[in-house]
Amino acid sequence: MKRLIFLGPPGVGKGTQAKKLSERYGLRQISTGDILREAVQQATPLGIQARSYLQSGKLVPDEVVINIIGESLKRADSHLGAGYILDGFPRTVLQAEALEKMLKQNRVSLDKVLSFSLNETELIPRLSGRRSCPSCHAIYHTEFNPPKKAGQCDRCQAALTLREDDKPETVRERLKVYRRETAPLLDYYRQKGLLADVDAAGSMEDVLKRVQQAIGDLPAVQKV
Ligand code: AMP
């Protein structure tokens, strides 16, 4: 069973790669961004609390995110399966320390932390062309990965949306937050000997090959 973290700036393609791996190998994608967006959409108490942070590109407070991930981890660690990818968590050193404690409680440990990197000038076009399915969370790109029918999800036919936080002003704030709060995690995990660098330039398939190489032996391909 693989337990992985995908780290990297917004727009680098972590979510897209996590989804590809989950389709191909049955690895479960645990995305705090998806969980929070769904909560906002459904206006649950969590969503009401998180909304303004998401809209402005700021991080939701650590204790809130640690709480929601704790439940998902407990569930994922108590199931046999191919494993999981944490996509968008942890994002601060405090979250990483909390994660370590939770994994210890579940008597498991991380296999690898993949650090995706891409020139900042390439991140912006990836974000502005991104379209997401609000229903099944599939991710498309108007140029690099268009849906079969413009504006419509291939999988569930829902109308695709542009994420509110992919607007240029908010993107700038998210990049700033990434550099300040999340980039220190690269050293944190490098010191633990868990970090693997992945060049995120090129096509989705090119990057997927690098990801597979970095992860090493993956479970036999499953039809899901
Ligand atoms: P993402 O989909 O990973 O880009 O996350 C979208 C937004 O959700 C972020 O800009 C934050 O506002 C919030 N968010 C997601 N994950 C976290 C996290 N681990 N800690 C704090 N805020 C988060």
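In each ligand, atom 1 is the first atom listed, and ligand 1 is the first ligand listed.
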Which of the numbered atoms in ligand 1 are below 4.0 angstrom from a heavy atom of Lys58? 11 (C), 12 (O)
If only side-chain N and O atoms count, and only distance matters, is there a donor-acceptor pair under 3.5 Å linking Gln29 with His137? no
Is it true that Glu173 and Tyr178 share a donor-acceptor pair across their side chains at a distance under 3.5 Å? no
Consider ligand 1: state whether an atom of it lies below 4.0 angstrom from any non-hydrogen atom of Lys14. no
Heavy atom under 4.0 Å from ligand 1: found in Arg37's side chain, backbone, both, or neither? side chain
Looking at Tyr188, does the NZ or CZ of Lys192 lie under 6.0 angstrom from its six-membered ring centre and within 45 degrees of the ring axis? yes
Numbering the atoms of ligand 1 from 1, which are under 4.0 Å from a heavy atom of Leu36? 8 (O), 13 (C), 14 (N), 15 (C), 23 (C)
Gln95 heavy atoms within 4.0 Å reach ligand 1 at atoms 18 (C), 19 (N), 20 (N), 21 (C)
Identity and separation of the nearest protein heavy atom to atom 5 (O) of ligand 1: Arg91 NH2, 3.4 Å
Below 3.5 angstrom, do we get any N/O pair linking Gly88 and ligand 1? yes
Between Thr92 and Asp62, does any side-chain donor sit less than 3.5 Å from a side-chain acceptor? yes
Salt-bridged, Arg179 to Glu120, with N to O below 4.0 Å? yes
Please state which protein non-hydrogen atom is closest to atom 16 (N) of ligand 1 and give its distance, to 0.1 Å? Thr32 OG1, 2.8 Å
Please state which protein non-hydrogen atom is closest to atom 4 (O) of ligand 1 and give its distance, to 0.1 Å? Arg163 NH2, 3.1 Å
Arg174 heavy atoms within 4.0 Å reach ligand 1 at atoms 4 (O)
Taking 4.0 Å as the limit for heavy-atom contacts, which would you say applies to Val60 with ligand 1: side chain only, backbone only, both, or neither? both
Report the part of Leu54 in contact with ligand 1, treating N, CA, C, O as backbone and CB onward as side chain, heavy atoms under 4.0 Å; options are side chain, backbone, both, neither. both
